[in-house]
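So the structure is just underneath, and the comments pick up after that.
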Amino acid sequence: MRITSLLAAGLGIGVLLAGAVPVAAQPVTPSALTWGSCPQAQKELVEAGAECTHLTVPLDYADPGGRTIRIAVSRVKAKDQAHRRGILLSNPGGPGGPGLATTVGLRATLKEVADRYDLIGFDPRFLGESTPIQCGPAGAPEQPRTTTSPRLDFEDTVRRSRSTALRCARHDDNAALLPHASSRNVARDMDAIRAALGERKLSYYGVSYGADLGAVYTQMFPQRADRIVLDSSTDPDATQYELFRRAGRPLEEGLDEWAAWTARRADTYRLGRTGPEVRATVQKLLDGAEHRPVGIAGTRLGAPLLRLFLRQFVQHQENDAALARTVRTLVDAAAGKEVEPNPELAGMLDFLNSPDVADSMTGGAVFMCGDAGWPAGGWPRNPETYWRNMVRSRGDQPVFGPLVNDMTAPCAFWQTTPRESAVRIGNDVPVLMLQARRDNNVPYDGALALHRKLRGSRLVTADIRSHGVFGRGAEGRTAVPCADRAVAEYLGGGALPVTDFTCPAPGGTR
C-alpha cells in the first residue's frame, strides 16, 4: 500500500446494504459518451493508447432529474475481439483511491486474458478527474513539539480532526455534495458506466476497500455481476472503526514475525539476538518518542508517526529488511547520533514535508465518514471513547494498539450524516475471493465472515504476510502463482474452483 494511502487511513474496510434500495427504483438514462484523449498526467493510460471520457450521473439517485456530477472513465478496447468477454472494471482501494488507470495495470498479470476485455478504469465520484470535493486550505503545518505525552499527542489529533471536518463542510458547496459520498453511490455509478457502455453485465476486480465495494455491487445489482474477484476483504457486519481495531492483534503478530527474522540477522542490524530483544528495542524507541520525538533530517517524529511507519512496513513480508534498516536508523537518531535517513525512511520524510500532506486524507475522509457502516463509517462521536480504547489496548497491543484505536479519521466531527443505512450482505452471486492468511491490514477472519455471506463464493487463501494477493509480482513482490492462475482462469471464462483451497507459500518458508 502506498504511504499516501496509509496516511489517509485508507486501510481497506467492509460493505453496506439493507434489503430494498428505494433510490434505485427509478431507472436512470445514462448520458452519451464522447471519447477523446486521456490527460497527459495519466502516463500509463497514454502509453496504453487508452481513450477517456466523462459520464454524467445524478448527484442523488433518488432525484434522477436533479443536479448531476461527472465520473471520469477510461477505456482500452479488447485486443482479442474474436474472444471478447465484455468489460472489466476495478477499484484500487482506499477508500479514497482514484482508479482511472487501475484496470490497465492488471494487464501485467492477466496477460492474454486482459486482451479479451474492454479495460475500464474510473475515478470514483469526488476523486481524481471526476467532479471533485475539495476542502478549505489547511494552512501552514504545525511545528512538531520538542516534548510531548500520549495525551498531548491525542489532543493534537482531535484538534486536527475537528479542523479537517470544518474545512470540508464549509468550503464551496460541499454541504450539498458530501451527503452523496457513499459506497452505495459509487456502486450505482459503476452500474451507470455499464449501462452507458451498452453492456448487460460487468466483470470486476477490487482489492482492499475495492473488494468490499465489489461486494456492495453484487448485493445491489446481482443480475448485473459477471466475473467478480474480491481480493483482501473484511467482515460485513463490522463498522469501519471496529475493523481498524481488530487489526491490532494481527499487526502485533506480524511484528513478532519480523522481529524473529531480524534477530536471525543480528550482526547486520544490531537490534537484538532474539525476537523478544528486537521487540524490546522497538518498544524502547516508542516509549522515548512518546515524551521526546525523534529528530532526524530536520523533522521530529513522535510516537504516532513512528507507529504509522511500522504499520506501513510490517504488512508485507518483503519489507522486513527495509523495516530493520529504518528501525536501526531511528534508534541511532534517538540516541543523538548523526545519521542519514535510509532510502525508505527518506521517502516517508519527503512526503511528510510536502505541501500536499495536509490534504492527502481528504478523499479517504469523504467516504470513511460518508457511509453508515461497513465498508466505511461507524465512528464514535465522543473523542474520549477513542482515548479509553487506546489506553486499554496497551496491555496486549503495546506497539499498534494506540494506533488502531486512535481517531484515525475526522468522522467524529463530520458535519453531514449518512443518507442511507448500512448495506447487509447476503447473496449467492458467484464470486472468487482471495485472502492472505497473515494479512494484518484486513485480517483473515473478516474475509471468512464475508465468504459465509457470499454463498456463491470460493476462497483462495495465500499462506503469506501480505495485504493483497493477486499481481504481487507486478508490484515487485513475490508472486503467488496459483492465485494469479485462479484469477486469470476465472476471468478468462473458466468455472469457479470446485472448493476453497490454499496456495503454497511462494518461495518456500521464510
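In this text, all values refer to a predicted model and were calculated from it rather than measured experimentally.
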Task: Atom pair CG (L349) and CG (L301), whose distance is rounded to the nearest 0.5 Å - done: 6.0 Å
- [ ] Considering only NZ, NE, NH1 and NH2 on the basic side and carboxylate oxygens on the acidic side, decide whether D153 and R145 come within less than 4.0 Å.
- [x] no
- [ ] Take Y209 and Q240, measure what side chain to side chain contact (heavy atoms under 4.5 Å, CB included) needs, and give me the verdict at the end.
- [x] CA-CA 11 Å; Y209 167 82; Q240 189 174 49; 5.9 Å; no
Task: Nearest heavy atoms of L106 and Y205, plus distance in Å - done: CD2-CD2, 3.9 Å
TODO: Before giving the answer on side chain to side chain contact (heavy atoms under 4.5 Å, CB included), spell out for L127 and V366 the whole-Å C-alpha distance, their side-chain angles and the decisive distance to 0.1 Å.
DONE: CA-CA 10 Å; L127 302 174; V366 162; 5.8 Å; no
Open item on the list: Suppose we screen for salt bridge (charged side-chain N to carboxylate O under 4.0 Å, His left out). Which residues come up paired with E252, at least two apart in sequence or across chains?
Closed with: R279
Open item on the list: Can you confirm whether M368 sits close enough to D371 that some side-chain heavy atom of one is under 4.5 Å from a side-chain heavy atom of the other?
Closed with: no
Open item on the list: Tell me whether D320 is salt-bridged to R465, with the criterion being a basic N under 4.0 Å from an acidic carboxylate O.
Closed with: yes
Task: E155/R151 ion pair, N-O < 4.0 Å - done: yes
TODO: Just do the side-chain hydrogen bond (donor to acceptor under 3.5 Å, both in side chains) check on T299 and N353 with the steps written out, would you?
DONE: CA-CA 8 Å; T299 300; N353 293 318; 3.1 Å; yes
Open item on the list: Please check this pair: side chain of S466 against backbone of V469, looking for a donor-acceptor N/O pair closer than 3.5 Å.
Closed with: no
Open item on the list: Looking at every heavy atom in both P443 and A247, which two are closest together, and how far apart are they?
Closed with: CG-CA, 4.1 Å
Open item on the list: Evaluate T461 against Y444 for side-chain hydrogen bond (donor to acceptor under 3.5 Å, both in side chains), listing each step before the verdict.
Closed with: CA-CA 9 Å; T461 298; Y444 189 67; 2.7 Å; yes
TODO: Given salt bridge (Lys or Arg N to Asp or Glu O under 4.0 Å), test E44 with R107 step by step and report yes or no.
DONE: CA-CA 11 Å; E44 190 172 6; R107 295 183 304 172; 5.5 Å; no
Task: Criterion salt bridge (Lys or Arg N to Asp or Glu O under 4.0 Å) on E290 and R394, from CA distance to verdict - done: CA-CA 13 Å; E290 285 189 327; R394 287 175 177 267; 2.7 Å; yes
TODO: Spell out, as yes or no, whether a donor-acceptor pair under 3.5 Å connects the side chain of T103 to the backbone of L89.
DONE: no
Task: Heavy-atom pair with the smallest gap, counting every atom of P293 and T146 - done: CD-O, 3.4 Å
TODO: Take L491 and L432 through the side chain to side chain contact (heavy atoms under 4.5 Å, CB included) test and state the conclusion after the steps.
DONE: CA-CA 10 Å; L491 289 179; L432 179 64; over 6 Å; no
Open item on the list: Between the side chains of R325 and E344, is the shortest nitrogen-to-carboxylate-oxygen separation below 4.0 Å, so that they form an ion pair?
Closed with: yes
Open item on the list: Testing the basics here: between P92 and P98, what is the closest heavy-atom pair and its distance to 0.1 Å?
Closed with: CG-O, 3.4 Å
- [ ] State which residue, out of V431, L459, D237, I425, fulfils the side-chain contact (heavy atoms from CB on, under 4.5 Å) condition with L450.
- [x] I425
Open item on the list: Pair H291, T147 - check side chain to side chain contact (heavy atoms under 4.5 Å, CB included), show working.
Closed with: CA-CA 5 Å; H291 300 283; T147 60; over 6 Å; no
Task: Pairing of R246 and D235 as salt bridge, 4.0 angstrom limit - done: yes
Open item on the list: Can you confirm whether more than 12 heavy atoms, excluding those of E340, are under 6.0 Å from its CD atom?
Closed with: no
Task: Side-chain touch V399/L251, heavy atoms, less than 4.5 angstrom - done: no
Task: disulfide (SG to SG under 2.5 Å): pairs with one or both residues in residues 384-416, sequence neighbours excluded - done: C369-C411
- [ ] Report, as yes or no, whether the 6.0 Å neighbourhood of atom CZ on R455 holds more than 12 heavy atoms from other residues, nucleotides or ligands.
- [x] yes
Task: L434, V207, L454 screened by side-chain contact (heavy atoms from CB on, under 4.5 Å) with L230, the one that passes - done: L454
Open item on the list: Given 3.5 Å as the limit, does a donor-acceptor pair link the side chain of Q397 with the main chain of P402, or not?
Closed with: no
Open item on the list: Checking E253 against R438 for the salt bridge (Lys or Arg N to Asp or Glu O under 4.0 Å) test, could you report, in this order, the C-alpha distance in whole Å, the side-chain angles of both residues, the deciding distance, and whether it holds?
Closed with: CA-CA 9 Å; E253 293 170 353; R438 304 198 304 281; over 6 Å; no
Task: Residues in ring-ring contact (aromatic ring centres under 6.0 Å, His included) contact with F154, at least two apart in sequence or another chain - done: W387
Task: L286 side, atom CG; T281 side, atom OG1 - distance, nearest 0.5 Å - done: 11.0 Å
Task: Steps toward side-chain hydrogen bond (donor to acceptor under 3.5 Å, both in side chains) verdict (N440, H467) - done: CA-CA 7 Å; N440 52 50; H467 182 54; over 6 Å; no
- [ ] Go through D287 and Q283 one step at a time and tell me if the side-chain hydrogen bond (donor to acceptor under 3.5 Å, both in side chains) criterion holds.
- [x] CA-CA 6 Å; D287 290 346; Q283 195 63 54; 3.1 Å; yes
- [ ] Anything under 30° is parallel, anything over 60° is perpendicular, the rest tilted; go ahead and classify W379 against Y386.
- [x] parallel
- [ ] Find the distance between CG (D406) and CE (M390) and round it off to the nearest 0.5 Å.
- [x] 4.0 Å
- [ ] Run through V229, L213, T218 and flag the one making a side-chain contact (heavy atoms from CB on, under 4.5 Å) with Y204.
- [x] L213
- [ ] For residues V186 and F122, determine if any side-chain heavy atom of one lies less than 4.5 Å from a side-chain heavy atom of the other.
- [x] yes
Task: NZ or CZ of R328 within 45° of Y269 ring axis and under 6.0 Å - done: no
TODO: Verify the neighbour count for atom CZ of R292: are there more than 12 heavy atoms of other residues, nucleotides or ligands below 6.0 Å?
DONE: no
Task: Donor-acceptor under 3.5 Å (D439 side chain, V442 main chain) - done: yes
Task: Ion pair D156/R159, N-O distance below 4.0 Å - done: yes
Open item on the list: So, taking the atom named CZ in R245 and the one named CZ in R249, what distance separates them when rounded to the nearest 0.5 Å?
Closed with: 13.5 Å
Task: Point-to-point distance, once rounded to the nearest 0.5 Å, from CG of L177 to NE2 of H171 - done: 10.5 Å
Open item on the list: Is a donor from one side chain sitting under 3.5 angstrom from an acceptor on the other, for R452 and S457?
Closed with: no
- [ ] Look at atom CD of E338 and say whether more than 12 heavy atoms of other residues, nucleotides or ligands are closer to it than 6.0 Å.
- [x] no
Task: Short N-O contact, D484 and R472, less than 4.0 angstrom - done: no
Task: Least distance between heavy atoms, A297 atom then P341 atom - done: CB-CG, 3.8 Å
Task: Atom of D267, atom of R273 and distance for their closest heavy-atom approach - done: OD1-NH2, 2.6 Å
